[in-house]
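Down below is the structure, laid out as structure tokens.
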Amino acid sequence: MSEYQVDVFFYGSYINFDVLAEASIGQRPYQVAWAPNHKLIISPLANLIKDAASTAFGIIIKLNHDELDYLYIEHAQGQLGGTYLPEAILTYTASNVIVPALTYISHDLEPATPDPAYVDRILRPARQYQFPESYLNHIESFK
């Protein structure tokens, strides 16, 4: 396994360490962060779209490339049914530090109504991370 790690911005169910544990990714240090000019959608899975008037919230953690391959090929594609590809973005931490990070975005998800339990897997940790109330309401609107 490669030891080199990169900063990754998670915004959907992967902000939930219980979900990461299902994909064999253990608890590790993280930073709450946001990505300006991106909007979270959940239809049926979480995804980001470019939107100059929006900001997506999430966490930054460090993963190595083997972990990323497993997470996005075996878990996201194989178990959840979504194909996500890496994109470089700029994120900001709570102390306003700019952090370049990889994030994974799907460009071919078929729109569908999300499972409310899936939305809750995002909403619960979002509350724990103390994302803004308006953002929590945005997540809840997908139920």
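All values below come from the heavy atoms of this structure, side chains included, with hydrogens, waters and symmetry mates left out.
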Under 3.5 Å donor-acceptor pairs involving side-chain atoms of residues 37-44, not counting sequence neighbours:
| residue | atom | partner | partner atom | Å |
| --- | --- | --- | --- | --- |
| His38 | ND1 | Pro36 | O | 3.0 |
| Ser43 | OG | Ala112 | N | 3.2 |
| Ser43 | OG | Ala112 | O | 3.2 |

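Using a 4.5 Å heavy-atom cutoff, the side chains of Tyr118 and Leu45 are in contact. Leu48 has its side chain within reach of Phe9: a pair of non-hydrogen atoms, C-beta onward, lies under 4.5 Å apart. Side-chain contact between Gln130 and Val32 is absent, with no heavy-atom pair separated by less than 4.5 Å. Between Phe17 and Ile59 there is a side-chain heavy-atom pair separated by less than 4.5 Å. In this structure, Glu67 and Lys62 have side chains that are not in contact, with every pair of non-hydrogen atoms separated by 4.5 Å or more. Looking at heavy atoms from C-beta onward, Val8 lies out of side-chain contact with Ile60 at the 4.5 angstrom threshold.
Smallest separation of non-hydrogen atoms from Leu71 and Ala23: CD1-CB, 3.5 Å. Closest of all the heavy-atom pairs between Gly12 and Ala46 is CA-CB, 3.5 Å. Scanning both residues, Gly58 and Ile15, for their nearest heavy atoms gives CA-CG2, 4.1 Å.
In this structure, Tyr4 and His65 have parallel ring planes: the angle between them is below the 30° cut-off, well short of the 60° mark. Classification of the Phe142-His138 ring pair by plane angle, with boundaries at 30° and 60°, yields perpendicular.
With values rounded to the nearest 0.5 angstrom, Ile61 atom CD1 is found 10.0 Å from Asp7 atom CG. For the atom pair Leu136 CG and Phe57 CZ, the distance stands at 9.5 Å (nearest 0.5 Å). Separating the CZ atom in Arg127 from the CD1 atom in Ile139 is a distance of 8.5 Å, to the nearest 0.5 Å. Rounding to the nearest 0.5 Å gives a distance of 13.0 Å between CZ of Phe10 and CD1 of Ile122. For the atom pair OH of Tyr72 and CG of Leu102, the computed distance is 9.5 Å after rounding to the nearest 0.5 Å. In this structure, Leu68 CG and Asp66 CG are separated by 9.0 Å, a value rounded to the nearest 0.5 Å.
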> Between Leu20 and Gln27, is a side chain to side chain contact (heavy atoms under 4.5 Å, CB included) present by the stated rule, with each step listed?
Replying inline: CA-CA 8 Å; Leu20 288 176; Gln27 180 83 30; over 6 Å; no
>> Go through it in stages, so that I can follow the logic: the residues are Leu123 and Glu140, the test is side chain to side chain contact (heavy atoms under 4.5 Å, CB included), and I'd like the CA-CA distance, side-chain angles, deciding distance and then a yes or no.
In response: CA-CA 7 Å; Leu123 188 57; Glu140 197 155 27; 4.0 Å; yes
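Taking 4.0 Å as the cut-off between side-chain N and carboxylate O, Arg121 and Glu22 count as a salt-bridged pair.
Sorted by first and then second residue, the pairs that involve residues 10-21 and meet side chain to side chain donor-acceptor pair (under 3.5 Å), not counting sequence neighbours, are Tyr14-His75. Sorted by first and then second residue, the side chain to side chain donor-acceptor pair (under 3.5 Å) pairs with a member in residues 102-116 read Glu87-His107, Ser106-Asp108; sequence neighbours excluded.
By the criterion of side-chain heavy atoms lying less than 4.5 angstrom apart, applied directly or through intervening Ile, Leu, Val, Met, Phe, Trp or Tyr residues, Phe131 is grouped together with Tyr30 in one hydrophobic cluster. Under the 4.5 Å side-chain heavy-atom criterion for ILVMFWY residues, no single connected hydrophobic cluster contains both Leu85 and Ile73.
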